[in-house]
Amino acid sequence: MSQPAPHHRRPYETGLARARRRRHRRAVAVISLVGILVVATFVYSVLYVQNKLPGQQAATPTCTVTATPTVDPQSAFRLNIYNAGGQQGRANDVALAMKSRGFDVGVVGNDPYKKRIAGVGEIRFGASGEGAASRFIHTLAPGAQLVQDGRTDTSVDVVVGSAFPSIPTAPPKPAPTTAAC
C-alpha cells in the first residue's frame, strides 16, 4: 500500500514548482515591506515638515528684532509761525522747512500783534517753552530776539521779520533698517 501524500504538498507539484512558489512568496513579502517603509517615510516627513511629531516644538527665532520708533525732541512742542516782515508767503516757507526738520507746526499766518519787524524776528515763548526756544529755534534763527510772554504751555512762536534767514528743508530721513540675526 502506498502512503498518502502529506497535506502541505501537492501531489502533482514537482520540486521545481515548490521552489518557484517559495520565491514568489518571498518576493511579495519583500516588496510589501519596502512599500510599507516608503509610505511610513513619506508620512513621517510630512509630519516633520508640519511640526506635528510628538515632542517636536516649533522653531523659535534665536534673536528678536524690535524697531523702536524714534521721536524727534523738536516735535514735543507746538511751533506757531507768524509773518511780520511784509514779504507775502514767508511764514509758509519757514513752516515747510520746519516741518521737514520734524517740528510740530501749528498756526501759520500773519503776526497776531500786527507788528512789522525790520530785523531777523522774534521767538516768543512761555516759562515752560524757554528751553525749546533757545535750543531748537534760536540756533536756526540767530539774531532773533527771545521774548518771554505769559503763556503757560510749551508752545513757541516764531515771528519772521524782513531779515529772517532762509532755512533749508532737511533731507529725507532714511528708512529704518532691520538688523539681521
Side-chain angles (χ1 to χ4, degrees), residues 42-181:
F42 177 75
V43 169
Y44 179 82
S45 63
V46 168
L47 291 175
Y48 180 79
V49 169
Q50 295 177 349
N51 290 329
K52 293 188 179 179
L53 289 176
Q56 186 180 18
Q57 294 177 343
T60 56
T62 57
C63 69
T64 56
V65 179
T66 56
T68 55
T70 56
V71 177
D72 293 329
Q74 62 265 30
S75 66
F77 62 94
R78 175 65 53 103
L79 184 65
N80 301 312
I81 301 174
Y82 300 116
N83 191 359
Q87 184 181 357
Q88 188 174 2
R90 186 76 174 112
N92 191 44
D93 294 341
V94 173
L96 291 174
M98 295 302 215
K99 280 183 184 178
S100 75
R101 293 175 175 269
F103 287 96
D104 179 20
V105 177
V107 179
V108 178
N110 291 324
D111 184 21
Y113 295 134
K114 308 281 187 211
K115 282 184 161 181
R116 288 284 176 218
I117 299 176
V120 174
E122 291 181 352
I123 301 172
R124 301 176 188 151
F125 54 89
S128 57
E130 183 176 4
S134 61
R135 180 176 173 201
F136 298 111
I137 309 302
H138 200 251
T139 57
L140 293 173
Q145 184 180 1
L146 293 170
V147 178
Q148 186 170 359
D149 56 16
R151 74 182 77 189
T152 57
D153 62 359
T154 60
S155 68
V156 176
D157 295 347
V158 174
V159 183
V160 178
S162 59
F164 196 84
S166 177
I167 300 174
T169 58
K173 292 182 180 179
T177 59
T178 305
C181 295

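Computed from a predicted structure; not experimentally measured. Counting begins at 1 with the first residue of the sequence.
Between P168 and R101, some side-chain heavy-atom pair lies under the 4.5 Å cut-off. Annotation: side chain of D157 is in contact with side chain of R151 (closest heavy-atom distance under 4.5 Å). The shortest side-chain heavy-atom distance between F164 and V158 falls under the 4.5 Å cut-off. Within the 4.5 Å cutoff, no side-chain heavy atoms of V159 are placed close to those of K115. Here the side chains of M98 and I137 are in contact, with some heavy-atom distance below 4.5 Å. Residues F136 and P73 have side chains in contact (heavy-atom distance under 4.5 Å, counting atoms from C-beta outward).
Nearest heavy-atom pair across A170 and S100 is N-OG, 2.9 Å. The two residues Y82 and V107 make their nearest non-hydrogen contact at CE2-CG1, 3.8 Å. Counting all heavy atoms, side chain and backbone alike, A95 lies closest to I81 at CA-CD1, 3.4 Å. For the residue pair A76 and T154, the shortest heavy atom distance occurs at O-OG1, 4.2 Å. The minimum heavy-atom distance between G109 and A91, with the atom names listed, is O-CB, 3.9 Å. Scanning all heavy atoms of the two residues, the minimum distance from A133 to I123 falls at CB-CG2, 3.8 Å.
Separating the CG atom in D93 from the OG1 atom in T169 is a distance of 10.5 Å, to the nearest 0.5 Å. In this structure, the separation between CD on E130 and CZ on R135 is 14.0 Å, given to the nearest 0.5 Å. Rounding to the nearest 0.5 Å places OG of S128 at 11.5 Å from CZ of F77.
Between D111 and the choices R116, R124, R90, the salt bridge (Lys or Arg N to Asp or Glu O under 4.0 Å) rule is met once, by R124.
N83 places a side-chain N or O within donor-acceptor distance of the main-chain N or O of G85, the cut-off being under 3.5 Å. Put simply, the side chain of E122 never gets that close to the backbone of V147: no donor and acceptor are under 3.5 Å apart.
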Can R78 and D153 be said to form a salt bridge (Lys or Arg N to Asp or Glu O under 4.0 Å), step by step?
CA-CA 9 Å; R78 175 65 53 103; D153 62 359; over 6 Å; no
